[in-house]
2 protein chains.
Amino acid sequence: MTGRLTIVGLGPGAEDLQTPQARAVLDAATDLFGYTTYLDRVPTKIGQSRHGSDNREEIARARAALELASAGKDVAVVSSGDPGVFAMAAAVFEAIENGEPEWREIEVTVVPGISAMFAAAARLGAPLGHDFCAISLSDNLKPWETVTRRIEAAAAADFVIALYNPISKARPWQLGAALDLLRAHRAPSTPVIFATAVSRTDERIEIADLATADPSRADMRTLVMIGSSATRLVPRPNGEPWVYTPRRVEELVS
Amino acid sequence: MTGRLTIVGLGPGAEDLQTPQARAVLDAATDLFGYTTYLDRVPTKIGQSRHGSDNREEIARARAALELASAGKDVAVVSSGDPGVFAMAAAVFEAIENGEPEWREIEVTVVPGISAMFAAAARLGAPLGHDFCAISLSDNLKPWETVTRRIEAAAAADFVIALYNPISKARPWQLGAALDLLRAHRAPSTPVIFATAVSRTDERIEIADLATADPSRADMRTLVMIGSSATRLVPRPNGEPWVYTPRRVEELVS
């Protein structure tokens, strides 16, 4: 008997930003898998098994979840934000592709969630209001040269840039290098946003400019956003500006 | 007395993909503004005023909503998907920046939603599993040269590309031109996804390859996604493959 496996996006943190579809799946599952920190966000339920593991064990976690689903269980794999954005969904399909043939018969469903960049953008105004890209700064699974090439291309395209996985203990210098690269392409006044733990009780949002943006403002829970040449601040009487990128774009200058 | 204005993301369509935060705001509002097609998705409520308008009247709609909020009303402006992605949030901040000084005192909040590309990605697997960009193909508010430059840069970066606003009666040829551009950069077998009305009753999802992708498969409700060089199909016994982009990236070749 083949069960099912659902990869569920928990959203950025706040309960009221989690979709009813995600809640229904979490409630129905016999087994929950995930990075322990994310699993801790899901209320415990009698009769439901929880399989927490470390952040880095994505493929091992995906395989264990597929084994149980293949044996007939109703398995949910949780991700923070959206599971399709630098998260568990790609790991599960990679495990399927390289795994047991019968895993392809499992009913696999992905439940989308609010990804960190949209939660962050919403708190600031509309910084992602026009063309943008999302880049993971982690060079655990790709060469740093690929990261720099993508940043250069994003700069040439004048995209707003959202940087995921900006920094960790094992990757301390990459964010500084990325900001240095961008300083060669964008004005010193370009807004840079550090959005940490958005929608959680310890949320911290800071607006800097590219000239002085300090990489040490970011930690593992931070989404870093760099404006395009059009991204603007709208000052407010309370001193906290809105940030937005206009819908209208003039001809790019090279 | 200054009221408040909330820009609300309705998500892609299905009710269970709308966040509780969005529902709470829609329920509390005295006045709802939006493109009539999107407003029709919100249940009517006694005592609540509805101000529907045409798709193209974004700035006029934003100004009217700000007027009412400034006069003390509790106003919600609705968007499909996420309001910060090619939608009403940027229009509201643009209207504020160019509008009455007292509008800057309005309590403006953005409630994020599931944007079309994530709803589409979830239905297919994990096509956005690694670095990606989102580009609006509309040249109503930007020169077509800017669009082509961004597509060229996205191709150089080997991003997965999500195309919003791919086609309309007034813009019939742009999607074909974009696909032609990409054919010069990516393999003929690159997956191209046409995801129309995702999560609604008339949802239609098609997987093509870049060599033969037919722009006429898209309409105004379609999100078009073009894979990176790494995006893959995983065949299944039922004949409907999953599509995903691996987390691991080899060195880019130019």
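Sequence lines set the chain letters: A, B, ... in the order given, protein chains first and strands last, and positions in each chain run from 1.
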Portion of [X] that has a non-hydrogen atom of chain B nearer than 4.5 angstrom:
X        : answer
A:Tyr244 : side chain
A:Gln18  : backbone
A:Val108 : both
A:Pro235 : both
A:Arg123 : neither
A:Met117 : side chain
A:Ile161 : neither
A:Thr245 : backbone

Relative to chain A, which of [options] shows the most heavy atom pairs under 4.5 Å?
options                      : result
B:Ala154, B:Ala90, B:Ala121  : B:Ala90
B:Leu17, B:Asn238, B:Leu128  : B:Leu17
B:Ala22, B:Ala153, B:Ser115  : B:Ala153
B:Ala155, B:Gly129, B:Ser138 : B:Gly129

Which one, [options], leads in non-hydrogen pairs under 4.5 Å with chain B?
options                             : result
A:Ala14, A:Ala126, A:Ala162         : A:Ala126
A:Val111, A:Asp131, A:Asn140        : A:Asp131
A:Arg236, A:Glu97, A:Glu58, A:Glu15 : A:Glu97
A:Pro246, A:Ala91, A:Ala87          : A:Ala91

State whether the side chain of [X] and the backbone N or O of [Y] hold a donor-acceptor pair below 3.5 Å, judged by distance alone.
X        : Y        : value
B:Glu203 : B:Ser199 : yes
A:Asn165 : A:Ser136 : no
B:Ser228 : B:Ala230 : yes
A:Arg186 : A:Gly227 : yes
A:Asp16  : B:Thr19  : no
B:Arg200 : B:Pro12  : yes
B:Arg104 : B:Gly99  : no

Notebook entry, point to check: Given B:Glu94, which of A:Arg248, A:Arg247, A:Arg232 fulfils the side chain to side chain donor-acceptor pair (under 3.5 Å) condition?
Noted result: A:Arg247
With rounding to the nearest 0.5 angstrom, report the [atom1] to [atom2] distance, [X] to [Y].
X        : Y        : atom1 : atom2 : answer
B:Ile135 : B:Thr146 : CD1   : OG1   : 11.0 Å
A:Glu240 : A:Leu233 : CD    : CG    : 12.5 Å
B:Ser70  : B:Glu105 : OG    : CD    : 8.0 Å

Check: Does CD belonging to A:Glu102 count more than 12 external heavy atoms closer than 6.0 Å?
Finding: yes
Let me know if [X] has heavy atoms under 4.5 Å from chain A in its side chain, its backbone, both or neither.
X        : answer
B:Leu137 : neither
B:Ala134 : both
B:Ile96  : side chain

